[in-house]
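Throughout, residue positions are numbered sequentially from 1 according to the sequence presented.
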Amino acid sequence: MKAIVYTTIALIAFAANSLFCRMALAEGYIDAWSFTVIRLLSATVCLVFIMTIHAYKLQRQVLASDKPSVDAILNDKGSWLSSVSLVIYALCFSIAYVELNTGTGALILSSAVQITMIGWSIYKKEQLSAVQWLAFIVAVAGFVYLMLPSAAVPSSNAAALMALSGAAWGVYSIRGKSCISPLRATGFNFVRSLVAVPILLLVGLMYLDEIGLKNISLESITSEGILLACASGAIASGLGYSIWYTAMPLLKTTQAAIVQLCVPVIATVLGVIFLSEQLTLPFIIASAVILGAVLVFTLNKKVPA
């Protein structure tokens with residue numbers, strides 16, 4: 001029961017990330033660059049608070065039973081490469097959602113993450129069955145179909161940025177597999193990401209117009225935009241990741257992979273309910289093809305439960 005509750009909350013939080021971002025940008029409450037900066041800041045504050053509590057509990061464990069594994073957890077502090085991937089993911093995510101609706105953005109993101117991770121497995125010479133190869137090819141074909149200009153994807157540039165965001169998160173996820181404590185690694189990676197904040201602000205305030213975009217206007221940032229960015233960072237990202245890492249040990253590897261396929265579906269439902277977004281036939285077809293193919297691939301993967 002605990003696994004179901006934690007997993008459900010985490011998946012809703014991940015889907016809410018797409019909703020909060022799309023809501024803030026579609027309504028013009030804030031610009032994408034400012035949203036990204038506030039999201040990174042609020043997520044860092046939330047995760048640092050959670051990590052402090054986590055570290056305190058671990059240190060008490062050390063005093064009680066001097067476990068070497070606890071020291072290893074406390075020394076897991078992420079990496080700069082993962083932090084760069086995190087910033088690329090967050091920035092491209094925000095810019096793409098200026099034009100993409102909630103469900104489409106979430107599906108492109110999720111598809112790009114899965115294809116990146118499967119592609120890495122192939123590159124590392126992981127043995128795939130004939131069924132897995134077929135599923136991978138079908139997933140890529142569905143992804144290409146999804147990326148074609150349509151009512152669901154009005155801008156190929158936005159779709160490409162969201163795909164880049166998904167690829168960056170895929171890289172982040174691949175690197176995270178070697179972490180002893182994903183929660184602490186993610187927290188420290190968010191802390192490192194703050195190095196990018198002054199750079200993002202400088203570029204956003206002074207140089208965006210030189211690449212055909214609008215410079216940040218501080219006067220146009222509303223309280224609603226700030227609240228949605230904070231919700232995306234602190235609640236959907238900070239708390240969401242923390243709850244997910246609590247749920248993961250309670251799930252089998254295959255279960256953890258499969259339930260994440262629900263995120264684009266939940267995001268689509270949230271977009272329909274809160275933003276009155278319309279479902280299109282190409283989107284429904286692409287969703288069925290991609291998510292179905294990834295499901296088949298995952299179920300046929302020979303990994304320890």
May I ask you to list the residues sharing a hydrophobic cluster with [X], side-chain cutoff 4.5 Å, ordered by chain and number?
X    : value
V84  : I88, L164
V296 : V131
I53  : F49

### Query
Going through the checks in order, is the side chain to side chain contact (heavy atoms under 4.5 Å, CB included) test met by F190 and Y241?
CA-CA 12 Å; F190 265 99; Y241 297 152; 3.7 Å; yes
Given side chains that start at C-beta, do those of [X] and [Y] come closer than 4.5 Å, heavy atoms only?
X    : Y    : result
I221 : I226 : yes
L228 : I38  : no
E99  : M162 : no
T44  : L194 : yes
S181 : H54  : yes
L100 : S155 : no
Y6   : W244 : no
L295 : L261 : yes

## Note on the structure
Residues A256 and L251: closest non-hydrogen pair is CA-CD1, 4.1 Å
### Task
Could you tell me which non-hydrogen atom of G240 sits nearest to which non-hydrogen atom of A13, and how far apart they are?
CA-CB, 3.8 Å
#### Entry: Name of the residue among T104, V269, T102 meeting side chain to side chain contact (heavy atoms under 4.5 Å, CB included) with E277
T102
Taking atom [atom1] of [X] and atom [atom2] of [Y], what is their separation to the nearest 0.5 Å?
X    : Y    : atom1 : atom2 : result
M51  : C46  : CE    : SG    : 10.5 Å
N189 : L40  : CG    : CG    : 11.5 Å
L279 : T268 : CG    : OG1   : 6.5 Å
I122 : Q132 : CD1   : CD    : 9.0 Å
I50  : R184 : CD1   : CZ    : 12.5 Å
D31  : L25  : CG    : CG    : 8.0 Å

Taking [X] for its side chain and [Y] for its backbone only, find out whether a donor-acceptor pair lies under 3.5 Å.
X    : Y    : value
S82  : G78  : no
S276 : V272 : no
R22  : V98  : yes

Please list, one pair per line, the donor and acceptor atoms closer than 3.5 Å that link side chains of residues 285-292 to other protein atoms, with sequence neighbours excluded.
{"unit_1": "S287", "atom_1": "OG", "unit_2": "F283", "atom_2": "O", "d": "2.8"}

Keeping to residues at least two apart or across chains, list the ring-ring contact (aromatic ring centres under 6.0 Å, His included) pairs with something in [range].
range            : answer
residues 205-228 : none
residues 17-44   : none
residues 77-97   : Y89-F93, Y89-W169, F93-Y97
residues 256-277 : none

Taking atom types as modelled and ignoring hydrogens, do the side chains of [X] and [Y] form a donor-acceptor contact shorter than 3.5 angstrom?
X    : Y    : value
S232 : N17  : yes
S79  : R175 : yes
S94  : T36  : yes

Report, one line per pair, each donor and acceptor closer than 3.5 Å where one atom sits in a side chain of residues 135-149; sequence neighbours left out.
none

Treating Ile, Leu, Val, Met, Phe, Trp and Tyr as nodes and any side-chain heavy-atom pair under 4.5 angstrom as an edge, say whether [X] and [Y] lie in one connected cluster.
X    : Y    : answer
I12  : V265 : no
V259 : I4   : no
L239 : V263 : yes
L202 : V195 : no
L227 : M23  : no

### Task
Check side-chain hydrogen bond (donor to acceptor under 3.5 Å, both in side chains) between E219 and all other residues, then give those that pass, not counting sequence neighbours.
S217
### Message
Just to verify, what does T246 make a side-chain hydrogen bond (donor to acceptor under 3.5 Å, both in side chains) with, not counting sequence neighbours?
### Response
none
### Query
Hey, is CD on Q278 packed in by over 12 heavy atoms from elsewhere, all under 6.0 Å?
no
Can you give each donor-acceptor pair under 3.5 Å made by side-chain atoms of residues 106-120, sequence neighbours left out, with the distance rounded to 0.1 Å?
{"unit_1": "S111", "atom_1": "OG", "unit_2": "L107", "atom_2": "O", "d": "2.6"}
{"unit_1": "T116", "atom_1": "OG1", "unit_2": "A112", "atom_2": "O", "d": "2.7"}

